[in-house]
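Lettering follows sequence order; numbering is per chain, from 1. These values consider heavy atoms only, across backbone and side chains, with no hydrogens, waters or symmetry-generated copies.
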Amino acid sequence: MPDQSASSKVTVGLSSCGVAAGAAHVYDEFRREFDERGLSTPLRRTGCIGMCYREPLVDVDTEGLGRVTYGGVTKEQVARIVEEHIIGGKPVEEFAVRIEGKKLPDEAYYDRQVRLVLRNAGLIDPESIDEYIEAGGYQGLTKALTEMTPEGIVETMKESGLRGRGGAGFPAGVKWDLARQQPGDVKYVIVNADEGDPGAFMDRSVLEGDPHSVLEGLTIAAYAIGAAEGYIYARAEYPLAVRRLKMAIADSQERGFLGDDILGSGFSFDVSVKEGAGAFVCGEETALIASIEGERGMPRLRPPFPAAKGLWGKPTNINNVETYANVPWIITNGAAAYAAYGTETSKGTKVFALTGKIVRGGLVEVPMGISLRDVIFEVGGGIPDGRKFKAVQLGGPSGGCVPEEHIDIKIDYESVTKTGAIMGSGGMVVMDDRTCMVDIARFFLQFTQDESCGKCTFCRIGTKRMLEILDRITSGEGREGDIERLEELGQQIVSSSLCGLGQSAPNPVLTTIRYFRDEYEAHVHEKRCPALACKPLLTYEIDPDKCIGCTLCVRACPVGAVSGERKEPHVIDTELCTKCDACRKACKFEAVIVS
Amino acid sequence: MERIAERSGVPPARIFGVASFYSQFRFEPVGLHIIRVCEGTACHVQGAVDVAEAICDELGVAEGGTTEDGKFTVEPVACLGCCSLAPVIMIDEDTFGRLTPEQARSIVRNYGTARDEGGAKA
């Protein structure tokens, strides 16, 4: 058997999700195997490879054989991969999810993707500036500083059609131009990395997987606008992202991509990381600025926009992580190449965090203009367990639920907004027929209610009242007129709140009422939850014809609500039953009926 | 806070205003380990409520509370950003994903005694 071990390269995906799935143990096991066998095979780490549903992921790249990706790798499988593939030169096909040159079923996950923002994600070691440079990194900055004027960069950004990826979709080039044209010597650039939408992890993955791309984009923006200082405002809940960012800043300072007189151009720029302290509203740009200044993160009235009066009262440009990560690619490859992707009004690509009831969940980057159906069913592989698609939630707590009747819409800012949802930052949570839409609406409202900063009365008290109504409906105490009251309150909050949080807080409720009014009515009028999700509306019973009296459910019940003689049909005491579902899960005969 | 006010010359009320605004400033001592239970959207649709209930029940605390022995604080959080592993909890810096309520119980029960055991692997 030929010894292939020296011509292979092993890469383990070590982003937060990978680590959570056990990737660090897998990495250690490879290290141990290599040391034990005296192999010199390079062992590398990388960020998010993107197939989150298959974590932990391991890439084995062998000269002549190409790249093989193993998914769901366990410590126990490592020895076989080393033995058969790395030493023996024969991939272990039963563990593989991707084999270069072969069409495995998981290939569909990548077929429709276009990875510009995620160009390096899962390929390079995020903690190595050399690998970033080798992959074409800092070419955009070099080009910008040596060949382009600030005006030229702004013009390129405008031509590219890139719109802010944080949610609102304001054209990035126009924003930069506004800040550039402001008088004054002191200006700031800020990265909004306060990714707070539950169900969204695009920015975390970019920061963990390719932090230099964000730094490079930020530095180009600073040069275009004329800023000497920048901040990255990151969530404290993302410790790994913060660590890698700080490391990237130190490395790029050392190489002269940051600091004084960058690349001999005379342009100087410094960046610091500012960690948030846990307030969702700080993702709003004026609140974020207040937070950096050390104040309560409360939004203020715009105008003046940050471009005119931002941090410390100076002209400031704020974009989010994904927006900046696009910039180096656009500068290197040109505006036309970027604008070739997408639709008339929405250019380029968008990264989505595809999660929920989906077969292949993970981080996907698709060209604008692709249909929702293609993302969910082709890229994502549809709904697991043969269940039926019900809705997809876009834009987090500010967004809405898009039902099946609109699933063929093209993904661009305008089409998504027409459905009542918003493009948002890229959270895409898929729901099936077991998800209760009233419960989802209540869930989001609970979140926004909790995170409302309290400045505007309608947002502060209105969301509270809406939440009370939703609590009532989901616990079986809905009253006539509740649905109409929700609609009325929702409209008022939308029109009377200062910032995006309040203006969009009722969206999840309003869109679910619009598309799933029958579910609300079932809760209110019939005290019934059609999706069988709202516990107070459920009853557990045992079908005497199916129950054989095996007593499994008796043992499973934590409150002793099930009784009956062995080999006789059992009964559930509905007074004692806490609806924990343990009996239904324990039953092997499907005798427990939930209604 | 009073010391900060004295040193910085900023009125205590203003400092309290900032401190009480953010969830990461705390007014009560927390346990040795912080268990963050993700209640994000993806976790919610995958059964996070049951996981949270199991953990609280196992430890005998309410959400947000600290165990009597001061070992754990259970803290609900909006999203840990590991949505594809939902439902997720994080104990200090260790993340555990794809949990069932039973697995969550056993992780909490064994944490600190056998750190590497538990349901981290799906």
Legend entry - Note, A:Phe443 side chain near B:Val45 side chain (heavy atom, < 4.5 Å): no
Inset, instruction - Look up atom CZ in A:Phe447 and atom NE2 in B:His44, then write down how far apart they are to the nearest 0.5 Å. - result: 13.0 Å
Legend entry - Contacting moiety of B:Ala78, where chain A heavy atoms sit under 4.5 Å: both
Legend entry - Sub-4.5 Å side-chain heavy-atom contact between A:Met298 and B:Phe21: yes
Legend entry - Residue pair B:Gln46 / A:Thr355, side-chain heavy-atom distance below 4.5 Å: no
Legend entry - Exercise: identify the closest heavy-atom pair between B:Ala42 and A:Gly356: CB-N, 4.3 Å
Legend entry - Which portion of A:Ile440 sits near chain B, non-hydrogen atoms under 4.5 angstrom: side chain
Inset, instruction - Select one option (side chain, backbone, both, neither) describing which atoms of A:Ser291 are under 4.5 Å from chain B's heavy atoms. - result: both
Legend entry - Interchain contact, A:Arg235 with chain B, by part (heavy-atom threshold 4.5 Å): side chain
Inset, instruction - Pick whichever of A:Ala277, A:Gly72, A:Gly199, A:Gly196 has the most heavy-atom pairs under 4.5 Å with chain B. - result: A:Ala277
Legend entry - Heavy-atom proximity to chain B below 4.5 Å, by part of A:Phe280: neither
Legend entry - Check: A:Gly297 main-chain N/O paired with B:Tyr22 side-chain donor or acceptor under 3.5 Å: yes
Inset, instruction - Could you grab the distance from atom CG of A:Leu354 to atom OG of B:Ser84, nearest 0.5 Å is fine? - result: 10.0 Å
Inset, instruction - Determine whether B:Asp50 and A:Lys535 make a side-chain contact, defined as any pair of heavy atoms from C-beta on separated by less than 4.5 Å. - result: yes
Legend entry - Interface moiety of A:Cys580 toward chain B, non-hydrogen atoms closer than 4.5 Å: neither
Inset, instruction - Could I get the full list of ring-ring contact (aromatic ring centres under 6.0 Å, His included) partners for A:Tyr109, not counting sequence neighbours? - result: A:Tyr53
Inset, instruction - Give the member of B:Glu39, B:Arg36, B:Glu102 that has the highest number of heavy-atom pairs under 4.5 Å with chain A. - result: B:Glu39
Legend entry - B:Ser23 side-chain N/O to A:Gly278 backbone N/O, donor-acceptor pair under 3.5 Å: yes
Legend entry - Max heavy-atom pair count under 4.5 Å with chain B, selected residue of A:Met431, A:Glu451, A:Glu195, A:Lys357: A:Lys357
Inset, instruction - Using a heavy-atom cutoff of under 4.5 Å, enumerate the residues of residues 5-19 of chain B that contact chain A, numbered in order, or state 'none'. - result: B:Arg14, B:Gly17, B:Val18
Inset, instruction - Under 4.5 Å heavy-atom distance to chain B, tell me which part of A:Ala200 shows up: side chain, backbone, both or neither. - result: backbone
Legend entry - Spatial distance of atom OG1 (B:Thr41) from atom CE (A:Met428) [nearest 0.5 Å]: 13.5 Å
Legend entry - Side-chain heavy atoms of A:Glu237 within contact of B:Gln24, under 4.5 Å: yes
Legend entry - Residue selection (most heavy-atom pairs with chain B, distance under 4.5 Å) from A:Val430, A:Asp450, A:Thr435, A:Asp439: A:Asp439
Inset, instruction - Hey, could you give me the SG/CG distance between B:Cys83 and A:Asp197, rounded to the nearest 0.5 Å? - result: 10.0 Å
Inset, instruction - Provide the closest heavy-atom pair for B:Arg98 versus A:Cys52 in the form atom of the first, atom of the second, distance. - result: NH2-O, 3.6 Å
